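The structure under discussion appears below in the form of structure tokens.
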Amino acid sequence: MTTEIVSRAFPALESDLERVREIVGLAEVPSRADLMALTRQPAGHRHLIRPTLALLSYYMLAGPKRAADVRAVKAAAAVELLHMASLQHDDVIDDARQRRGGPSLNSVWGARLAVLAGDLLFISGSRIVAELGEREALVSAEAVQHICSGMIAETADRFLLSRTEEAYLEVTGAKTAELLSLACRLGAMQAGRDREAEEVMARFGWHLGIAYQVRDDILDLTSTTGELGKPANSDVVEGVYTLPVIRALTCEPALARLLRRGLTTAEAERARQLVLSCGAVDEARKVADEQAEAALLRLQGVGDPASREALADYVRSVMGSVRQAAPAAVPVPAPSPASVQGDVLVRVVQERLDAWLLDTGVAATQEETRHPRWNGLAAATALMWPGADADQLETLARWMLVCVVLDDLFDEPGLADHTEAAQLRRRLAHLIGGLDDTPPANGAFATALAQAWERIRLVQPPSWRRRAIGHLLDWLDAAEREACHRLSGFVPSLRDQVTLRMGSAGVPVFLDAFEITCGRELDPSVRDHPLLRRLLNLGSTTVLAENDLRTLDQDEAVGSPYNLVRVLRQEAGCTREEAIDEVTRQVEDGYAQVDAILTSGPAILRPASGGAGSVPVIGILRVVRDRLPGWRALHDIDRYSSSSTDGGTHLARLRRELLVEYAETGAAR
């Protein structure tokens, strides 16, 4: 944003801004390169308006030609850190998903880490200010106090149709102008001039801040999402009625009838058109121009004419700028099974699976092998494991099929007794606990389980197998609990729903299967990376919520206890339609955040590639992105799928066989 006029008048500005960036870059979590992105400015963000104002204020009073004193550079860096902290907190408060053309920090990392990172930036900036001196610390604390007060007032006035222009300007002064004023004041304070000169620069920054915010509010109505780098027309939707809207409300009665919570996209666009058509934007633009002019008038008598003209040119560049969005991410097309492995390979693997099902006795007839939960696994595994050969796909498909049957056994309608659920879990736990000891296999499911595991033993190390067995045993406990909750009619609280749902869905078990497709056991530094853990948790909860929407009718019929729609209805007392709408919003938002992580994660982590595990994590994020269609394909085969025969026949037979085995083997002991 630095113009040629500014560069000529203040030749040290660019090098001094580099010094600012170096100081800002020191705010990080020690010894955690994998978390570096939490406290870094977005790629391509080079404007640094507030540090620039701090340095320009210093030059105006100390002399335009020399490099800034180290104290002035620190003051500029401190203001930028405070600004970055406020943005991170604002995005969490507003639940914003975009910032400067890319995903917001909370969208990628989650609200908790975003808030804590904002706290770290705030403390880092405050520490630098404290090092500058008591006066600097006091004026900074006062400014931050005003900023917080302004944010509170604005939040309290959301959706308030009676919001006045005076209230808007008061909030704008506190929320935005105060920080620009602080930047100018802190820069001026390092020049060693009298307090009257400091006050002049502070008032200059305050008027510029008002003008900047009014212009930003205008751009929210007049620009596109691409130009803003965040959703356009978001203020109206969020109930933040800015100066153009306040002016429009005085002459457009239809606007007042339209504005409310929960605007649809069409209603928000209609409101925007009403504001644009009544001249309110032009009136607001005049206010912005007046405030910018007032800022420049404050500079009379300060510095030399060339410096004043350069600062005026900088003001014009700031007021005329529109943030440009980063290039849009190229969507990754969902490949079809034919494009990944080919119909021939899928058919070969499925034929092997069918033969294996009949050989073990899991399927009693050729017709049973056609059950959709089984017949679609070859195609799904081909998507999950691009480049795998037939033997690899068969290994994964066998294991996934065993897991699917294990899950279905506890949902089988014939399981109508708590005692049987406990006995079934104990028999299965006995079989699974002895997998690595290769116990004698008795019965159809026991045989299939042992044979599927034997192939796994050839490709996965003992540490993976121990972890996978532990996950299977935990899954059995959760599956029994869900079956008992279903039988007793229990529906959990919203607070407990996610934990119970994740447990009964066996998410860790299916993540273990993902490691099979990676051809190795992931290092803990990769598997436990915070960004990858967030992706897996967010992706799992989103997929499960989507499944709850698709299977709602059947879940209601059988009394499935953990369906999110059912839980919301019980917790909030809302209608079925309201609960469906809420879960639908959660699913849409969840997939948007998953997409943000997958498309932005590699770029976010690349600057930290020297840290342990960061490069492998980038690779895993890319693998997940490429293989996501496969997991979605598996998810599409829901547990209520049925074949032309009775969908529960094979499950009832397998369940009875396992219970007989339980009695015969004395597993109760």
Side-chain angles (χ1 to χ4, degrees), residues 2 12-58 67-92 99-100 102 104-106 108-109 112-137 139-141 143-144 147 179-180 182-187 189-190 529-531 603-615:
T2 304
L13 177 59
E14 286 301 328
S15 60
D16 286 344
L17 285 174
E18 283 302 317
R19 296 163 65 194
V20 169
R21 292 186 182 96
E22 291 176 5
I23 296 175
V24 170
L26 297 176
E28 60 184 16
V29 181
S31 304
R32 290 298 300 269
D34 56 326
L35 301 177
M36 185 184 298
L38 282 165
T39 53
R40 289 293 182 269
Q41 293 171 328
H45 175 52
R46 308 291 290 176
H47 290 170
L48 296 177
I49 292 174
R50 290 149 193 85
T52 299
L53 287 172
L55 292 171
L56 294 179
S57 298
Y58 172 83
D69 181 88
V70 66
R71 289 175 56 86
V73 173
K74 285 186 174 182
V79 174
E80 181 63 11
L81 288 166
L82 296 176
H83 173 58
M84 292 169 62
S86 71
L87 291 183
Q88 295 197 15
H89 288 161
D90 287 352
D91 284 346
V92 172
R99 168 66 64 179
R100 293 183 176 128
S104 62
L105 196 75
N106 54 296
V108 175
W109 292 90
R112 291 184 179 181
L113 283 177
V115 168
L116 291 171
D119 292 344
L120 176 59
L121 292 170
F122 175 76
I123 294 299
S124 298
S126 298
R127 179 184 59 79
I128 293 174
V129 170
E131 291 173 352
L132 293 176
E134 182 178 357
R135 263 210 324 133
E136 285 86 350
V139 298
S140 177
V144 171
I147 293 169
L179 190 56
L180 270 69
L182 175 66
C184 295
R185 186 186 295 277
L186 286 178
M189 289 173 72
Q190 312 317 309
H529 190 281
L531 194 59
I604 288 172
L605 293 176
R606 193 169 293 114
S609 58
S614 57
V615 171

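The first residue of the sequence shown is numbered 1, and numbering continues consecutively from there. Small disclaimer: the values here were computed from a predicted structure and weren't measured.
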*Salt-bridge contact Arg19-Glu22 (side-chain N to carboxylate O under 4.0 Å)*: no
*Under 4.0 Å between a Lys/Arg side-chain N and an Asp/Glu carboxylate O for Glu80 and Arg21?*
no
With a 4.5 Å heavy-atom cut-off, do [X] and [Y] have their side chains touching?
X: Leu35; Y: Glu28; result: no
X: Leu132; Y: Met189; result: no
X: Val115; Y: His89; result: yes
X: Gln190; Y: Lys74; result: no
X: Ser124; Y: Met84; result: no
X: Val29; Y: Leu38; result: no

Residue pair [X] / [Y]: nearest heavy atoms and the distance that separates them:
X: Ala117; Y: Leu105; result: CB-CD2, 4.2 Å
X: Gly125; Y: Ala78; result: O-CB, 3.6 Å
X: Thr39; Y: Ala27; result: OG1-O, 2.7 Å
X: Val139; Y: Leu182; result: O-CD1, 3.9 Å
X: Val20; Y: Ala77; result: CG1-CA, 3.7 Å
X: Gly118; Y: Gln88; result: N-OE1, 3.3 Å

Reported [atom1]-to-[atom2] distance for the pair [X] and [Y], which is rounded to 0.5 angstrom:
X: Ser140; Y: Ile128; atom1: OG; atom2: CD1; value: 10.5 Å
X: Leu120; Y: Leu81; atom1: CG; atom2: CG; value: 9.0 Å
X: Leu82; Y: Leu87; atom1: CG; atom2: CG; value: 11.0 Å
X: Leu56; Y: Leu13; atom1: CG; atom2: CG; value: 5.5 Å

Expected output: side-chain [X] to main-chain [Y] donor-acceptor under 3.5 Å:
X: Asp16; Y: Ala68; value: yes
X: Ser126; Y: Phe122; value: yes
X: Ser57; Y: Gly187; value: no

*Could you pull out all residues at least two apart from Ser86 that satisfy side-chain contact (heavy atoms from CB on, under 4.5 Å)?*
His83
